[in-house]
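Both ligands and their constituent atoms are indexed starting at 1 by order of listing.
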Amino acid sequence: MFKSIKYAFAFFVLLGGLLIAGIQAYAVNITAENNSCVRCHLALSSTSFVGTKSHSWNGSIHQEHGVTCDKCHGGDPAAKSERLAHVGVFSSSNPDSDVYYKNIPKTCGKCHGAEYYKFTQSFHYKKLETTGQGPNCVTCHGSMVTSVLQPDDLANVCERCHNARLGVFPYVPEKAKAVLLLLQENKSLLSADKKLYTSKADLKLLDTAQANISSARLEWHTFDLDAILRYLQNAYGSLEQLNQPAKTAVQKKPAAKKK
Ligand code: HEC
Ligand code: HEC
Ligand code: HEC
Ligand code: HEC
Ligand code: HEC
C-alpha cells in the first residue's frame with residue numbers, strides 16, 4: 001500500500017493531526033452545535049450591524065459560561081429556522097423586548113439577583129422606571145456585556161447628567177472615578193497579600209477583607225459612593241493588621257484615601 005515506511009509514517013501523522021483538529025473544533029463549537037441562535041449568528045457577516053453585535057458575544061465572559069443569546073433575548077434556541085427561532089425576539093427599541101432599556105435590569109437580574117436587588121434600591125432605578133432616563137446595567141457593563149467598567153469610562157457615564165451645566169451633583173464623576181480606583185487598588189492588594197500571608201490568624205483577616213471588597217462591589221449597584229468607601233476602609237483596615245503579632249515583614253502600604 002505504501003511505497004515506503006516513511007510515507008506510511010507521514011500518512012499517520014497527517015491523519016492524527018486531522019483528528020486532533022477535528023476534536024478541537026468540536027470542543028469549541030459544542031454550544032454552537034446545540035444552539036441555533038449561536039450557530040446561525042456567528043456565521044453572519046461581520047460587515048452587518050447584527051453580525052458585529054453577534055460576534056462581540058464571542059469571547060465574552062457569558063460565552064465562556066455558556067450564557068447563550070436566548071438567555072437575554074428570548075426566542076427558541078432549538079428551532080432551526082430563523083422565523084421560528086425568533087418568536088419572542090424583538091429589537092431592543094421594542095418595549096416587548098427583554099433587552100428594551102427598561103427591561104434590561106430584570107433580564108440580567110434572573111442570574112445576578114444580588115446586583116439587581118441593590119440596583120432596585122437606588123434613586124437611579126426609580127428614575128429609569130418613571131422617566132426612562134438613567135443608567136441601567138449595560139450603561140456600565142457594555143451593550144453586550146463584554147466588560148466591567150474602568151474608572152475613566154465610569155466618569156464619562158456619570159458626566160452625561162452630573163455636570164456643571166445641568167448642576168446635578170457635578171462632583172459625582174470625579175468622586176466615582178476615585179472610588180473605583182480605590183476598589184481596584186484594594187483588589188490587587190488583597191490578591192498580593194493572599195500570597196504573602198498564610199497563618200491562621202491572617203487567613204481570617206484576609207477573609208474579612210475579601211467580604212468587605214465583595215460588599216463594596218455589590219454596593220456599586222446602589223450608587224452610594226460613601227457606603228462603598230466605608231467597605232473599602234474596612235477591607236483596608238483588615239489588610240493593615242496582617243502579620244501583626246510577629247511584627248516582621250510588615251510592609252508599608254499606601255494609606256486609604258479618605259474623601
Ligand atoms: C437561521 C439563522 C438564524 C437563527 C437560527 C437565529 N437568528 Fe437571529 N437573526 C438572523 C438574521 C439573518 C438577523 C438579521 C435580520 C435582519 O437584519 O432583518 C437576525 C436578527 C436578530 C436580532 C436583531 C433583532 C433586531 O430587530 O434588531 C436578534 C436580537 C436576534 N437575531 C437574536 C436571535 C436569537 C436569540 C436566536 C435564537 C433563539 C436567533 N436570533 C436565531 C438569523 C438567525
Ligand atoms: C448577557 C445578555 C446578552 C447575551 C448573552 C447576548 N446579548 Fe445581544 N444584547 C443584549 C443587550 C442588553 C442588548 C441591547 C444593548 C443596548 O441597549 O445597547 C443586546 C443587543 C443585541 C443586538 C443589537 C440589536 C438590538 O436589538 O439592539 C443584537 C443583534 C444582538 N444583541 C444579538 C445577540 C446574539 C446573536 C447573541 C448570541 C451570540 C447575543 N446577542 C447574546 C444582551 C445580550
Ligand atoms: C443566564 C444567566 C445570566 C444572565 C441572563 C446574565 N448573566 Fe452575567 N454572568 C452569568 C455568569 C454565569 C457569569 C460568570 C460567572 C460569574 O461571574 O458569576 C456572568 C458574569 C457577568 C459579569 C462579570 C464580568 C466579569 O468580568 O467579572 C457581569 C458584569 C455580568 N455578568 C453582567 C450581566 C448583565 C449586565 C446582564 C444583562 C444584560 C447579564 N449579566 C445577564 C450569567 C448570566
Ligand atoms: C454605575 C455603573 C454600574 C451599573 C449601572 C451596574 N453596574 Fe455592575 N458593576 C459596576 C462596577 C463598578 C463593578 C465592580 C467592578 C470591579 O470590581 O472592578 C460591577 C460589578 C458587577 C458584577 C460582578 C460582580 C462580582 O463580584 O463578580 C456583576 C455580575 C454586575 N456588576 C452586574 C450588574 C447588573 C446585573 C446590573 C444591572 C442591574 C449592573 N451590574 C449595573 C458598575 C455598574
Ligand atoms: C441619566 C442621568 C444620570 C446619570 C447617567 C447618572 N445620574 Fe446620578 N443622578 C441623576 C439625578 C437626576 C439625580 C438626583 C438629583 C436630585 O436628587 O435632585 C442623581 C443623583 C445621584 C447621586 C446622589 C443620590 C442621593 O440623593 O444621595 C449620586 C451619588 C449619583 N447620582 C451617582 C451617580 C453615578 C456614580 C453615576 C455614574 C455611574 C450617575 N449618578 C449617573 C441622574 C443621573
Task: Shortest non-hydrogen separation from Thr107 to Lys71 and the atoms involved - done: CG2-O, 4.3 Å
TODO: Using only heavy-atom distances, determine whether the side chains of Asp70 and Thr68 contain a donor-acceptor pair under 3.5 Å.
DONE: yes
Open item on the list: One thing to verify: whether Lys118 and Glu219 come together as a salt bridge, which I'm taking to mean a side-chain N less than 4.0 angstrom from a carboxylate O.
Closed with: yes
Task: Those atoms of ligand 2 less than 4.0 Å from some heavy atom in Val67 - done: 5 (C)
Task: Numbered atoms of ligand 4 (with element) below 4.0 Å of Phe223, judged on heavy atoms - done: 1 (C), 5 (C)
Open item on the list: I'd like to check which ligand 2 atoms, numbered from 1 as shown, lie under 4.0 Å from a non-hydrogen atom of Val138.
Closed with: 12 (C)
Open item on the list: Between His55 and Leu44 (side chain of the first, backbone of the second, donor and acceptor by atom type, cut-off under 3.5 Å), is there such a pair?
Closed with: yes
Open item on the list: Can you tell whether the side chains of Asp226 and Lys175 come within less than 4.0 Å, N to carboxylate O?
Closed with: yes
Open item on the list: Just to be sure I read this right, does ligand 4 sit under 4.0 Å from the backbone of Gln184, its side chain, both, or neither, counting only heavy atoms?
Closed with: neither
Open item on the list: As an exercise, identify every atom of ligand 4 less than 4.0 angstrom from a heavy atom of Leu180.
Closed with: 12 (C)
Task: atom 8 (Fe) of ligand 4 neighbourhood, protein N/O/S only, threshold under 2.8 Å - done: His141 NE2, His221 NE2
Open item on the list: Suppose I only count heavy atoms of Cys108 and a 4.0 Å limit; which atoms of ligand 4 are within that range?
Closed with: 35 (C)
Open item on the list: So is Thr139 touching ligand 4 or not, going by heavy atoms under 4.0 Å?
Closed with: no
Task: Per-atom contacts, ligand 4 versus Lys187 - under 4.0 Å to a heavy atom - done: 16 (C), 17 (O), 18 (O)
Return a table of N or O atom pairs, ligand 1 on one side and protein on the other, at distances under 3.5 Å, rounded to 0.1 Å.
| from | atom 1 | to | atom 2 | distance (Å) |
| --- | --- | --- | --- | --- |
| ligand 1 | 7 (N) | His41 | NE2 | 2.9 |
| ligand 1 | 7 (N) | His86 | NE2 | 2.8 |
| ligand 1 | 9 (N) | His41 | NE2 | 2.8 |
| ligand 1 | 9 (N) | His86 | NE2 | 3.0 |
| ligand 1 | 31 (N) | His41 | NE2 | 2.8 |
| ligand 1 | 31 (N) | His86 | NE2 | 2.9 |
| ligand 1 | 40 (N) | His41 | NE2 | 2.8 |
| ligand 1 | 40 (N) | His86 | NE2 | 2.7 |

Task: For ligand 4, the portion of Asn136 having any non-hydrogen atom under 4.0 Å away - done: backbone
Open item on the list: Could you report the tightest heavy-atom contact between Leu154 and Cys140, atom names first, then the distance?
Closed with: CD1-SG, 4.4 Å
